[in-house]
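The structure under discussion appears below in the form of structure tokens.
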Amino acid sequence: QVQLVESGGGSVEAGGSLRLSCAASGYTYSIYCMGWFRQAPGKEREGVAAIYTVGDRTYYADSVKGRFTISQDNAKNTLYLEMNSLKPEDTGMYYCAAARTACSGPYPPRGQYMNYWGKGTLVTISS
């Protein structure tokens, strides 16, 4: 099993920045893809960014490309999402997720592809 715990959410004004973290524990050696997903009120969950943990290849949704950066620190078993130039439409619950198989892009995988989920961290962007 793999446990994922997100942190770093909060409330900022449009144009601001936030950095989300996801601490992974357990059988992390079995993970080949990690990603960030978000769900806004009344909307479906969407994949925001993903990373192939072995090769560091990254994949982004068009809506965040150029503004968000996903990265990993293998020594700390931690996944990050650096979010800049935030917009009100970025508001939502952000979830960290991990999969036992590789993700290949060009976009983040669908949620059904992921095997493990964190409980989420709330991001609120005011205009």
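- Between Leu20 and Met83, the closest side-chain pair of non-hydrogen atoms falls below 4.5 Å.
- How far CG of Leu4 is from OG of Ser25: 7.5 Å, rounded to the nearest 0.5 Å.
- Looking only at side-chain heavy atoms (C-beta outward), Val123 and Val12 stay at 4.5 Å or farther from each other.
- Looking at Asp56 and Gln72, their side chains come closer than 4.5 Å, going by heavy atoms from C-beta outward.
- A ring-ring contact (aromatic ring centres under 6.0 Å, His included) check over residues 58-81, counting only residues at least two apart or in different chains, returns nothing.
- Legend: residues meeting salt bridge (charged side-chain N to carboxylate O under 4.0 Å, His left out) with Arg100, ordered by chain and number and at least two apart, are absent.
- Between Thr58 and Tyr52 there is no side-chain heavy-atom pair separated by less than 4.5 Å.
- Enclosure of atom NZ in Lys65 by more than 12 non-hydrogen atoms of other residues, nucleotides or ligands within 6.0 angstrom is indicated.
- Scored by the salt bridge (charged side-chain N to carboxylate O under 4.0 Å, His left out) test, Glu46 finds Arg38 as partners (sequence neighbours excluded).
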Validation: residues 27-35 side-chain donor-acceptor distances under 3.5 Å, sequence neighbours left out:
from: Ser30; atom 1: OG; to: Tyr27; atom 2: O; distance (Å): 2.6

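- Within 6.0 Å of CZ on Arg45 lie more than 12 heavy atoms contributed by other residues, nucleotides or ligands.
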Residue pair Lys87, Asp90: steps toward the salt bridge (charged side-chain N to carboxylate O under 4.0 Å, His left out) verdict: CA-CA 5 Å; Lys87 304 175 182 180; Asp90 294 319; over 6 Å; no
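- Remark: the backbone N or O of Lys119 is paired with a side-chain donor or acceptor of Glu6 at under 3.5 angstrom.
- For the residue pair Ser17/Asn84, the side-chain donor-acceptor check at 3.5 Å is satisfied.
- Residues that satisfy the side chain to side chain contact (heavy atoms under 4.5 Å, CB included) test with Gln1, not counting sequence neighbours, are Gln3, Tyr116.
- Of all heavy-atom pairs spanning Ala50 and Cys103, the tightest one is CB-SG, 4.3 Å.
- Grouping Ile, Leu, Val, Met, Phe, Trp and Tyr residues whose side-chain heavy atoms lie under 4.5 Å apart, directly or via other members, places Tyr95 in a hydrophobic cluster with Phe37, Met93, Tyr113, Met114, Trp117, Leu122.
- Taking OH of Tyr94 as the reference point, atom OG1 of Thr121 lies at 10.5 Å (rounded to 0.5 Å).
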